[in-house]
Amino acid sequence: MLIKIDPILSPELLFTLRTMGHGDKLVLADANFPANSMNKNVIRLDGVNIKDAAKAILSVFPLDSFIVSQGGTAANRMEVDDNPNELTETHKEFIQAVKDISGESWKVGSIERQSFYTEAKKSYAIVTTTDARPFGCFILTKGVIKPDGNVWVVEK
């Protein structure tokens with residue numbers, strides 16, 4: 001065990017998060033997501049739901065403020081088919097986790113399901129949970145940590 005490191009963050013997951021660079025994307029997926037056919041770098045978090053996984057990951061993972069300064073979002077959810085504005089319970093929990101851990105100013109964008117799959121194939125890694133609720137899939141883009149340990153923030 002490590003002090004102030006959430007035990008959900010396995011050695012394999014911590015290694016992956018640490019080796020990611022600025023702009024790399026991490027997929028956080030539900031149990032139904034076809035992770036292994038999308039990416040060769042898959043990390044399983046069995047017995048963990050999306051909310052708890054998001055909180056643990058975001059506790060050590062800086063979101064990308066540069067992408068926000070360019071009009072994008074560093075955290076995105078998979079849209080519900082034929083109802084892109086619908087927020088599922090999983091979406092709401094994820095959005096709250098982003099606000100609670102990364103800060104109130106962070107917005108969560110959305111990506112249509114087929115476009116999400118395309119992005120997942122290009123991602124650095126996919127973290128799968130055993131959360132069985134549908135459309136519980138998210139993409140996080142890694143930001144920069146400055147030498148003083150603070151997260152790099154780019155103003156728009």
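Below, all heavy atoms of this structure are taken into account, side chains as well, without hydrogens, waters or symmetry copies.
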Do you know the tightest heavy-atom contact between Leu63 and Ser102?
CD1-OG, 3.6 Å
Salt bridge (charged side-chain N to carboxylate O under 4.0 Å, His left out) partners of Asp82, counting only residues at least two apart:
none
In chain order, what residues pass the salt bridge (charged side-chain N to carboxylate O under 4.0 Å, His left out) check against Asp100, with sequence neighbours excluded?
none
Using only atom types and a distance under 3.5 Å, with no angle test, would you say the side chain of Asn39 pairs donor to acceptor with the backbone of Asn36?
no
Please answer whether the main-chain N or O of Gln114 pairs with a side-chain N or O of Glu112 as donor and acceptor at a distance below 3.5 Å.
yes
Strictly distance-based, threshold 3.5 Å: is any side-chain N or O of Lys142 a donor or acceptor partner for the main-chain N or O of Leu17?
yes
Other residues, nucleotides, ligands: >12 heavy atoms within 6.0 Å of Lys121 NZ:
no
With hydrophobic residues grouped by side-chain heavy-atom distances under 4.5 Å, do Val68 and Val98 end up in a single group?
yes
Can you list the residues that meet the salt bridge (charged side-chain N to carboxylate O under 4.0 Å, His left out) rule with Glu119, with sequence neighbours excluded?
Lys122
For Asn85, side-chain contact (heavy atoms from CB on, under 4.5 Å) partners two or more places apart:
none
Shortest non-hydrogen contact from Thr129 toward Ala53
CG2-CB, 3.9 Å
Contacts of type side-chain contact (heavy atoms from CB on, under 4.5 Å), residue Ser37, not counting sequence neighbours
Pro34
Backbone of Leu13 reached by a side-chain donor or acceptor of Ser10 within 3.5 Å
yes
Using modelled atom types and a 3.5 Å cut-off, is there a donor and acceptor pairing between side-chain atoms of Thr19 and backbone atoms of Phe15?
yes
Could you name each residue pair satisfying salt bridge (charged side-chain N to carboxylate O under 4.0 Å, His left out) that touches residues 10-22, not counting sequence neighbours?
none
Qualifying residues under salt bridge (charged side-chain N to carboxylate O under 4.0 Å, His left out), relative to Arg133, sequence neighbours excluded
Glu93, Asp131
Counting only pairs under 3.5 Å, give me each side-chain donor-acceptor contact of residues 42-52, with atom names and distances, residues two or more places apart or in other chains.
| from | atom 1 | to | atom 2 | distance (Å) |
| --- | --- | --- | --- | --- |
| Arg44 | NE | Asp46 | OD1 | 3.3 |
| Arg44 | NE | Asp46 | OD2 | 3.3 |
| Arg44 | NH2 | Asp46 | OD1 | 2.7 |
| Arg44 | NH2 | Asp46 | OD2 | 3.3 |
| Asn49 | OD1 | Lys51 | N | 3.2 |
| Asn49 | OD1 | Asp52 | N | 2.8 |

Among residues at least two apart in sequence or on other chains, which ones pass ring pair (Phe, Tyr, Trp, His ring centres under 6.0 Å) with Phe116?
Phe33
What residues form a side chain to side chain donor-acceptor pair (under 3.5 Å) with Asn32, not counting sequence neighbours?
none
Mind jotting down which residue pairs meet the side chain to side chain donor-acceptor pair (under 3.5 Å) criterion with at least one end in residues 21-30? Sequence neighbours excluded, please.
His22-Asp64, Lys25-Thr141
So ring pair (Phe, Tyr, Trp, His ring centres under 6.0 Å) across residues 34-61, not counting sequence neighbours, yields none
Ignoring hydrogens and geometry, is there a side-chain-to-backbone donor-acceptor pair from His91 to Phe135 under 3.5 Å?
yes
